[in-house]
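Just follow the structure's listing: the first ligand is 1, and inside any ligand the first atom is 1.
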Amino acid sequence: MFSFKEIAQVMGGMLVQHTGEYPVQHLVTDSRKIANAASSVFFAIRGEFHDGHQYLSELYAAGVRQFVVEDASGIMDLTSYPQANVLLVSDSIQAMQRLAAYHRRKFSIPVVGITGSNAKTIVKEWLSQLLSVSERVVKSPRSYNSQIGVPLSVWQMNESHTIGVFEAGISQPDEMEHLASVLQPTLGVFTNLGSAHDEGFTSQTQKLHEKLKLFAHVTQLIYCADQPVVRETIQAEGLPGFAWSTQEHPAAQVQLKVLEMHHGKTKVRFRYRGNGQDLTLPFADEASLENALHCLAVLLYLGVKPEELGSRFERLMPVAMRLERKEAINGCYVIDDTYNNDLAGLRIALDVLGQQARRGRKTLIVSDLLEAGLEEHALYQQVAQEITARGVDRVIGIGDIITRHQDFFPKGSEFYLGTDSFLGQLRSETFRQETILVKGARVFHFEKIVAALQQQVHGTMLEVNLDALVHNLNYYRAKVPAPTKIMVMVKAFAYGAGAYEIANLLQFHRVDYLAVAYADEGISLREHGITLPIMVMNPSPDSFLKMQQYNLEPEIYSSDLLHRFLDYFPQKSPKTPPIHLKLDTGMHRLGFDAEELEEALAVLDQMPHVRVQSVFSHLAGADEALYNDFTQEQITQFQQMATRVEKELGYSVTKHILNSAGIVRFGEEAAFDMVRLGIGLYGIESAGQEQSSLQTVGQLKTTVSQVKSVKAGETVGYSRRGVAAQDKYTATIAIGYADGYDRRFGNGVGEVLINGQRAPIIGNVCMDMCMVDVTGLDVRAGDEVLVFGEGLPLTELAARIGTIPYELLTNVSTRVKRVFFNE
Ligand SMILES: *Cc1c(COP(=O)(O)O)cnc(C)c1O
């Protein structure tokens, strides 16, 4: 193990304080993911939106004692960190890379470095699966392939490993050299060249040239000779290529022929060093084939015996990266992580469990681990230690290996030999008010457990893509000057997406404020452990005391409301909630006009115990260029009124006026101190831009219940409105107006997407179902139906029935299950 002095030397920089030695075990760059404070080294990194230096004192209080910082000013007062070791460097990421490179040099095992435009993660996971039969593999967790992800991946290497398999990804020039110095691959795999990250490079060739820098020192570079640019560049750069080809390219060492591809299997014949052999792969699509052939070439190069290949490839399993979260029985919440249950995968999942703000116990249901890197005893000892360090309250272990090592686990943990024996004793009262992480290796079929815990089983669901939501958040953040605060509107169940989960994610991503329409919505967020400041836009006076109790901040929009507020919090009452003054600059909905404002300020002058936290106004036509002049007037008037408020109060307050459309169109000049993001976060473009940079967040899906044939002249549904002019096929789908599927979509107005094909609604929409015309389409009972989402945008659907996406989103009924996921 390293000492801080040693790593300080490796990283360079200046050791500004050294107070003692602590174990150097965990490298941490995210202050929210500290599990083992005492043995962690925190690297303060400045990102586009966050600065790790802001969290130093918080981390010190949590027990972290080892810091690598770029800026000593935040930590300059070293007297506040009496026991800390502090290393000052010019670039924290590079310092971490140097440390990882130093660690890497201690091992002389083969290391496979994988890069390319697509499929890095799949090739890495498959190669690890294939090699783990005979090797102890260390690999990148999930898609840890960035400037930070690569050093963290390499840091996992230890004496027990016999091979490393890591991926590296870049988005701009000059990044790969850093990754190459950390990975020091001995063997390379180039997956393919596509258009991902084109915007960061001047040309495809520049991008390829950059990527190939990973392989400057490899002994062999595995690639497909059938992509001419790739082949020619690799040859031109004199890299030691080891190629495969399905097109008989003479440069290829491994020649392949696809014999057949159907029924979920692909049969290939390969020739290598004069020997030929057939191999069956357990899938039938081109992308998987390419990925598997890269792996095959690596295995052949490494000298795996041809007769062993069949049994290794036949067990190849699809790579699942999805992490879903959903409501479950008895007020529980399930986190369902389908990614590998190995040590690194488990750690990441435990971090997610830790980030769930929801109160109540934290429970882990975990199977045997498929960890190729460690000996059994040491592995489970470490698993138990990680679980304890993360404050898991309840552990349920499933599998004979984990059961054998149950003594390592906290008292009260339960163990079962198999999934079925666990399910056999499961009662509905077994779980109550818990956040349950379900983490099982594929062979344990934990999907059965998830199904048993799940609350609603009605087949209609709103899938919410949390990665897309974060992408959208960052898109809007980049539209306003850096210090601008972000308030996110999570009113109306977060625009139908699910208030608690969205608020939790926003809290994790450190937005500054949340806003809801009613006190009840705010209370529910507090009860789920949300601690961000929350503004309530339409507080009723009888909720003021509750609001104080739950630390919610009212919007005050009229003199009348101000007086009612003061009835509850008269002169000098302790713990008076701060208020937000709403100004009416032209929307004419709620708010003080200039005259009423004077009156309110006169009252507030007498009430210094009432703190005005912010003043704000709302634009009536931010989305349309037609109203630009009016918007400018609103902004000017807001500016004047806000200045007036500050002058009268004698202190500065947070000022904000922009909604989503406003941020896009006026973010440069009118962001003031804060902006209020709404619909855009949920992926709906509202500023009238043709090309949207937003990603789709919500997809409403249901299933086909039945397919019917209807004869010419017959009718479909209530009031016989759906008339079949000729013979037709119809599909009945499990969504109706009670789910929020608007009745105006009936009779051909609306369409759904089934297997990528559009099908119009036939007849009237019923309460729980409707019928679609699937004549000539390939549709069967049980097929998935997209009601809105990718390929069927809400903006288009809303226009068809003369409404706006806001209404369709917020109408999705609460009986529709929300499923949240990350990739
Ligand atoms: C809902 C709301 C917003 C957000 O509007 P979007 O158009 O969804 O961005 C901003 N401010 C106020 C006062 C709101 O009520």
Exercise. Between His588 and Asp584, do the side chains contain an N or O donor and an N or O acceptor separated by less than 3.5 Å?
Worked result: yes

For this session: Start with the C-alpha distance between His471 and Asp467, add both sets of side-chain angles, then the distance that settles side-chain hydrogen bond (donor to acceptor under 3.5 Å, both in side chains), and finish with yes or no.
Result: CA-CA 6 Å; His471 166 92; Asp467 294 329; over 6 Å; no

Problem set entry | Residues in side-chain contact (heavy atoms from CB on, under 4.5 Å) contact with Asp542, at least two apart in sequence or another chain | Ser540, Tyr568

Problem set entry | Over-ring placement of Arg325 relative to Phe820, 6.0 Å and 45° cut-offs | no

Seminar exercise, completed: Sorted by chain and residue number, the residues having a heavy atom closer than 4.0 Å to an atom of ligand 1 are Met489, Lys491, Tyr495, Met537, Arg589, His618, Asn659, Ser660, Arg676, Gly678, Ile679, Tyr806

Exercise. Does the cation-pi check pass for Arg611 over Tyr651, that is, NZ or CZ under 6.0 Å from the six-membered ring centre and within 45° of its axis?
Worked result: yes

Problem set entry | Pair Tyr737-Arg744, side-chain hydrogen bond (donor to acceptor under 3.5 Å, both in side chains): steps then yes or no | CA-CA 9 Å; Tyr737 56 79; Arg744 289 171 285 179; over 6 Å; no

